[in-house]
Amino acid sequence: MINIVMSETKDYEKLVPFFIENELEFSEEEPVPTDLVKCWQVTHGKDEHLVAALVLAKREGEFIIDGIAVEKIYRKLKIGKILLDKAVEETLSQGGRCIYLVARAPEFFRKYGFKTVPREEAPNFFECLTCPQYGKTCHPEVMKLDFE
């Protein structure tokens with residue numbers, strides 16, 4: 001039996017190295033965002049090994065998934081979907097009408113209703129849009145999930 005536990009965490013700093021290890025474009029030098037809404041972590045076993053996490057933030061009045069990652073060996077367990085559901089539930093409870101994200105795995109998010117937003121129509125609050133690697137070695141999609 002797999003003992004997996006999801007919980008809210010205030011320890012954003014602990015999540016940053018996890019996101020980096022799972023190939024998200026995070027920098028440990030970045031200051032902690034002041035716009036955090038909630039962070040969730042999923043741990044496994046007695047040692048509480050971190051296997052998944054999601055950061056929900058708010059920028060320029062819009063809700064964003066500022067990071068979501070699941071370790072490869074845990075990806076078939078639907079943990080990503082469970083975390084997305086938590087983010088949607090929280091956004092709706094705070095009156096949000098949509099969630100934006102930058103997806104390195106857009107097909108995963110498309111399964112759950114996210115749609116690609118052309119860069120020129122997307123709010124410019126994602127750091128990766130100004131990154132010199134964007135469109136060269138990194139090809140993420142800006143995506144949006146509307147609730148209306």
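Please read these numbers as outputs of a predicted model, since none were measured by experiment.
- Note: H49 and Y74 have tilted aromatic rings, judged against thresholds of 30 and 60 degrees for the angle between ring planes.
- Here CD1 of I99 is found 6.0 Å from CG of L56. Values are rounded to the nearest 0.5 Å.
- Using a 4.5 Å heavy-atom cutoff, the side chains of K144 and K115 are not in contact.
- Contact of the E62 side chain with the C98 side chain is registered, since non-hydrogen atoms from C-beta on lie closer than 4.5 Å.
- Judged purely by distance below 3.5 Å, without hydrogens or angles, the side chains of R97 and T91 never pair a donor atom with an acceptor atom.
- Within the 4.5 Å cutoff, the side chain of M143 has heavy atoms near those of the P106 side chain.
- When all heavy atoms of K86 and W40 are compared, the closest pair comes out as O-CH2, 3.8 Å.
- Side chain of R75 to main chain of V70: a donor-acceptor pair is present (N/O by atom type, distance under 3.5 Å, no hydrogens or angles).
- Not counting sequence neighbours, the partners of F108 by the ring-ring contact (aromatic ring centres under 6.0 Å, His included) test are Y112.
- With sequence neighbours left out, the side-chain hydrogen bond (donor to acceptor under 3.5 Å, both in side chains) criterion links E89 to no other residue.
- Counting non-hydrogen atoms of other residues, nucleotides and ligands closer than 6.0 Å to NZ of K14 gives a total above 12.
- At least one side-chain heavy atom of L15 sits under 4.5 Å from a side-chain heavy atom of C39.
- Using a 4.5 Å cut-off on side-chain heavy atoms (C-beta onward), M6 and I82 make contact.
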Which is it for V88 and D85 under the side chain to side chain contact (heavy atoms under 4.5 Å, CB included) test, yes or no, and what are the steps along the way? CA-CA 5 Å; V88 167; D85 288 346; 5.6 Å; no
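- Atom NZ of K111 has more than 12 heavy atoms from other residues, nucleotides or ligands within 6.0 Å.
- Counting heavy atoms from C-beta outward, K72 and N22 have side chains that stay 4.5 Å or more apart.
- Counting heavy atoms from C-beta outward, I65 and V55 have side chains that stay 4.5 Å or more apart.
- We find the CZ-CD distance between F114 and E107 to be 13.5 Å, quoted to the nearest 0.5 Å.
- The two residues L83 and A52 make their nearest non-hydrogen contact at CD1-CB, 3.9 Å.
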>> R59 vs D66, test: side chain to side chain contact (heavy atoms under 4.5 Å, CB included). Steps then yes/no.
In response: CA-CA 10 Å; R59 291 197 190 136; D66 203 28; 3.1 Å; yes
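- A donor atom on one side chain and an acceptor atom on the other are not found under 3.5 Å apart for K58 and Q94.
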inquiry  = Could you go through V51 and T43, starting from their C-alpha distance and side-chain angles, then the distance that decides it, and tell me whether this counts as side chain to side chain contact (heavy atoms under 4.5 Å, CB included)?
reply    = CA-CA 5 Å; V51 300; T43 57; 6.0 Å; no
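- Looking at every heavy atom in both residues, L50 comes nearest to E71 through O-OE2, 3.5 Å.
- Counting heavy atoms from C-beta on, the side chains of P17 and F19 never come closer than 4.5 Å.
- Tracing side-chain contacts under 4.5 Å through hydrophobic residues (I, L, V, M, F, W, Y), one never reaches I79 starting from V5; they form parts of separate clusters.
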TODO: Go through the steps for L101 and I64 under the test side chain to side chain contact (heavy atoms under 4.5 Å, CB included), then give the verdict.
DONE: CA-CA 6 Å; L101 57 80; I64 65 168; over 6 Å; no
